[in-house]
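Here is the structure we will look at.
Counting starts at 1 for both ligands and their atoms, in listed order.
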Amino acid sequence: MGNDFLSEAAALSWKRCHDFGLKPTDPANDNILTESRIQALLRQNEQTIHYAEQVFEQMNISIKQSGQMALFIDSEGTIIHTVGDADFSSRAVAVQLQVGANWAERRKGTNAIGVALAEKKPVRVHAQEHYFYSNHFLTCASAPVFNSIGELIGVINISGKQENYHAYTFTLACMAAYSLQNKILLEESKKEHLITLRELEHTAHNHPQPLLSLSRDNRILGANQAAIRIVGADAIGKEFTKLEGFSVETIHNDHQKLWQSVSIRKQAVNEPRLYSFKDIIGTCPLIIQKKELAQKAAATEFPILLLGESGVGKELFAQSIHTASTRSAEPFIALNCSAIPDSLIESELFGYARGAFTGANKDGNVGKFEAAHKGTIFLDEIGDMPLRAQAALLRVLQEGMITPVGSIKSRIIDARVIAATNKDLAAEVKAGRFRADLYYRLKGIHITLPALRERSDILTLAVHLLQKHTFPCPFLTETAQHKLLSYSWPGNIRELNGILMQAVFLAGKQPIDAGHLSFEASDEAVQAESGEGHLQTMKDAEITAIKKALKASEWNLSKAAGQLKIGRTTLYRKIEEYGITLF
Ligand SMILES: Nc1ncnc2c1ncn2[C@@H]1O[C@H](COP(=O)(O)OP(=O)(O)OP(=O)(O)O)[C@@H](O)[C@H]1O
């Protein structure tokens with residue numbers, strides 16, 4: 001249709017609306033349910049509305065303050081619950097954003113509710129992306145809600161006037177939908193297994209693992225999101241069979257197995273699962289680019305050098321490369337190069353023969369290179385490797401052979417080398433602390449991972465980390481989100497993870513607020529970052545998000561707009577309005 005201001009989802013929806021025979025000039029008004037039908041619908045959905053109320057209560061203040069409203073819509077597209085700003089609500093009624101009205105695409109053209117129902121995924125629809133002219137004043141974000149058997153039961157929507165747009169509404173809608181889903185699962189389990197009530201809650205909070213509830217005849221009745229990712233939504237109702245690579249923990253009630261709740265957990269601590277590319281979370285183009293590069297590199301045999309600050313995910317990338325390579329069935333051996341004492345370098349790298357030296361294991365020992373034969377050796381902190389060890393390493397790389405200490409027999413070694421460092425290796429070479437020949441041999445494909453502060457997806461990562469560790473996923477208030485975005489993250493994702501875990505602990509069952517986030521860097525540093533002596537305003541946060549997206553996309557407006565989930569024209573307008581120039 002040639003409307004390049006439309007997101008991909010909105011463009012598809014426009015096509016559907018066109019096929020339904022709708023016109024942008026059609027009146028937005030349409031039949032609303034009668035009062036008695038509304039009452040019947042509310043009774044029918046009483047329980048879900050009750051949970052939605054609890055979720056909305058947590059975000060009510062920020063919704064009101066930002067002049068928006070939050071809605072819960074059933075799976076047919078009928079609005080059944082609303083909360084929010086009174087002024088906006090009265091304007092919204094003019095376009096029937098009210099209980100009893102139906103916002104399916106067929107009735108209201110392209111809109112976030114209709115698109116989320118049709119596509120079953122979260123979506124933002126902003127201003128002119130709405131199909132009907134009469135809805136252009138709106139900006140809306142919606143996220144679908146699924147029940148414990150994976151069926152779509154409705155949508156959470158947050159709407160406001162387009163001038164009240166801000167980038168976090170989308171995240172907020174997604175978080176609210178997750179939160180509602182988890183509440184429903186937990187409550188359903190309570191109903192099914194009354195006796196387990198306390199215990200299941202306890203399990204859910206303290207073991208953030210995939211949870212399944214099984215019927216007496218071993219059928220899967222419900223699953224949380226983490227479990228659905230493993231067993232698949234289509235497994236609900238089917239018989240549960242033990243999964244390879246997972247151990248099953250059945251929770252008993254004293255002597256009798258009155259019910260079964262099963263948590264599936266990855267097996268065997270001594271054989272931890274290695275990371276794969278799907279564990280690398282990120283929507284920022286900077287990280288997507290690096291992931292794509294690493295995926296390409298995984299298919300080759302070139303050595304790889306991973307660069308980047310501490311905690312940016314270098315080991316995660318190294319493991320993912322190994323997992324995606326043809327060597328994945330063979331060992332992945334990690335060696336921390338900074339931690340090898342001079343006297344043990346040879347024996348660490350090459351191993352030693354039986355009785356090679358006093359104090360050695362009498363049966364001899366396999367060195368790291370031999371252990372990695374046919375697989376991958378990950379040389380972490382290579383920039384801190386002592387010079388003597390560098391010489392030994394260079395020998396193996398050049399000769400492709402090792403001779404264990406005290407042995408006369410050499411062995412051919414075929415190990416793929418991935419090295420990583422947070423040091424500037426070229427500068428280390430210049431300073432004479434790193435051998436130039438070793439540097440060039442290791443360099444092969446080099447991938448520099450971005451620091452967290454350069455990334456535009458800090459909140460996405462935060463929600464992911466919270467979900468990974470805590471069930472149900474706690475809510476991040478708006479001020480907490482701002483605080484996360486204002487910080488410089490010297491410790492990168494590792495630090496983000498630590499701070500969130502502490503915040504979960506401090507917040508207990510409350511939403512995570514700014515006060516629960518305590519950073520290592522001084523408060524002044526955080527404030528200095530935000531440019532003023534107080535937390536960032538919404539506008540500051542928007543500017544930061546836009547700048548990050550522009551930098552990450554190298555000023556490609558379409559890419560940056562996609563990343564921010566707003567239209568290109570809106571982005572352009574904001575760049576002008578805020579006078580955003582190069583960094
Ligand atoms: N993109 C990502 N998605 C999810 N988790 C991530 C991501 N990047 C890093 N992490 C997590 O952050 C933590 C730090 O990552 P990792 O140990 O790979 O960093 P590193 O760069 O090797 O750090 P160091 O240089 O200190 O060894 C790990 O728990 C890792 O799982």
Side-chain angles (χ1 to χ4, degrees), residues 171 174 208-209 225-226 229 266 269 272-295 297-298 304-324 332-340 368 376-385 417-425 428 434 442 445-470 473 476 484 487-504 519-520 548 552 563:
T171 314
C174 293
Q209 287 156 349
Q225 288 294 99
R229 273 198 285 275
K266 269 284 176 189
V269 271
R273 181 183 74 91
L274 291 175
Y275 285 119
S276 68
F277 281 115
K278 68 176 171 12
D279 297 306
I280 301 177
I281 305 302
T283 50
C284 170
L286 281 180
I287 197 76
I288 293 173
Q289 259 174 22
K290 304 298 171 176
K291 205 164 138 179
E292 285 170 359
L293 185 60
Q295 271 162 330
I304 296 175
L305 181 59
L306 297 168
L307 302 164
E309 291 177 15
S310 185
V312 289
K314 296 187 292 296
E315 173 139 22
L316 182 66
F317 265 76
Q319 291 191 10
S320 305
I321 291 169
H322 171 78
T323 308
F332 173 89
I333 303 292
L335 174 66
N336 185 334
C337 300
S338 68
I340 322 173
K368 296 285 187 195
T376 303
I377 186 158
F378 175 51
L379 304 169
D380 201 5
E381 319 266 11
I382 190 88
D384 296 301
M385 194 177 213
V417 176
I418 303 180
T421 181
N422 54 17
K423 294 233 159 111
D424 176 351
L425 269 196
E428 291 298 295
F434 202 83
L442 290 173
I445 301 169
H446 52 281
I447 302 175
T448 306
L449 301 182
L452 185 56
R453 68 185 156 279
E454 294 163 350
R455 292 176 55 167
S456 56
D457 54 358
I458 294 177
L459 292 180
T460 311
L461 264 172
V463 171
H464 165 80
L465 294 171
L466 284 171
Q467 261 173 353
K468 197 163 134 190
H469 296 289
T470 325
C473 178
L476 281 167
L484 289 176
Y487 184 54
S488 61
W489 300 111
N492 292 297
I493 300 163
R494 186 177 293 118
E495 187 183 11
L496 173 65
N497 199 29
I499 282 170
L500 289 174
M501 290 313 100
Q502 196 196 7
V504 168
F519 300 142
E520 289 221 341
K548 274 186 185 165
Q563 164 72 11

*Tell me: protein heavy atom nearest atom 20 (P) of ligand 1, and distance?*
Lys314 N, 3.4 Å
*By number and element, which atoms of ligand 1 are closer than 4.0 Å to a non-hydrogen atom of Asp380?*
27 (O)
*Exercise: identify the closest heavy-atom pair between Leu442 and Phe434*: CD1-CZ, 4.2 Å
*asked:* Under a 3.5 Å distance rule, please check whether Asn492 uses its side chain to pair with a backbone N or O of Arg494 as donor and acceptor.
replied: no
*asked:* Counting neighbours of NE2 on His446 that are heavy atoms of other residues, nucleotides or ligands and sit closer than 6.0 Å, is the number greater than 12?
replied: no
*Can an N or O of Ile287 be found at a distance shorter than 3.5 Å from an N or O of ligand 1?*
no
*Find all atoms of ligand 1 within a distance of less than 4.0 Å from any non-hydrogen atom belonging to Leu316, and give their numbers and elements.*
2 (C), 5 (N), 6 (C), 7 (C), 8 (N), 9 (C), 10 (N), 18 (O)
*Does Leu461 come within less than 4.0 Å of ligand 1, judged by its heavy atoms?*
yes
*State whether the shortest distance between N or O atoms of Tyr275 and N or O atoms of ligand 1 falls below 3.5 angstrom.*
yes
_Show me which atoms of ligand 1 lie under 4.0 Å from any heavy atom of Ile281._
1 (N), 2 (C), 3 (N), 4 (C)
*Residue pair Asp380, Lys314: steps toward the salt bridge (Lys or Arg N to Asp or Glu O under 4.0 Å) verdict*: CA-CA 9 Å; Asp380 201 5; Lys314 296 187 292 296; 6.0 Å; no
_Separation between CG of Leu293 and CD1 of Ile288, rounded to the nearest 0.5 Å_ = 13.5 Å
_Rounded distance [0.5 Å steps], CG in Leu500 versus CD1 in Ile493_ = 11.5 Å
*Take atom 9 (C) of ligand 1 and look for protein heavy atoms under 4.0 Å from it; say yes if you find one, no if not.*
yes
*Using a strict 4.0 Å cut-off to heavy atoms of Gly313, name the atoms of ligand 1 that fall inside it.*
8 (N), 9 (C), 15 (O), 16 (P), 18 (O), 19 (O), 20 (P), 21 (O)
_Is it the case that ligand 1 has an N or O less than 3.5 angstrom from some N or O of Ser310?_
yes
*State, yes or no, whether a side-chain contact exists between Leu425 and Ile382 at a heavy-atom distance under 4.5 Å.*
yes
*Backbone or side chain, does any N or O of Asn497 fall under 3.5 Å from an N or O of ligand 1?*
no
*Quick one: does Leu465 get an N or O within less than 3.5 Å of an N or O on ligand 1?*
no
*Side-chain donor/acceptor of Lys291 to backbone N/O of Ile280, under 3.5 Å*: yes
_Under 3.5 Å between any N/O of Glu315 and any N/O of ligand 1: does that happen in this structure?_
yes
*asked:* Quick check: Val312 and ligand 1, any N/O pair under 3.5 Å apart?
replied: yes
*asked:* Atom OH of residue position Tyr275 - does it have more than 12 heavy atoms of other residues, nucleotides or ligands inside 6.0 Å?
replied: no
*Short N or O distance, Ile280 and ligand 1, threshold 3.5 Å exclusive*: no
*asked:* Using a 4.0 Å cutoff against the non-hydrogen atoms of Ile493, which atoms of ligand 1 qualify?
replied: 6 (C), 7 (C), 8 (N), 9 (C), 10 (N), 11 (C), 12 (O)
_Under 3.5 Å donor-acceptor, Trp489 side chain and Glu454 backbone_ = no
*May I ask you to check if ligand 1 and Gly311 share an N or O to N or O distance below 3.5 Å?*
yes
*When rounded to the nearest 0.5 angstrom, what distance separates OG1 in Thr421 from CG in Asp384?*
6.0 Å
_Whether Asp279 lies under 4.0 Å from ligand 1, heavy atom_ = yes
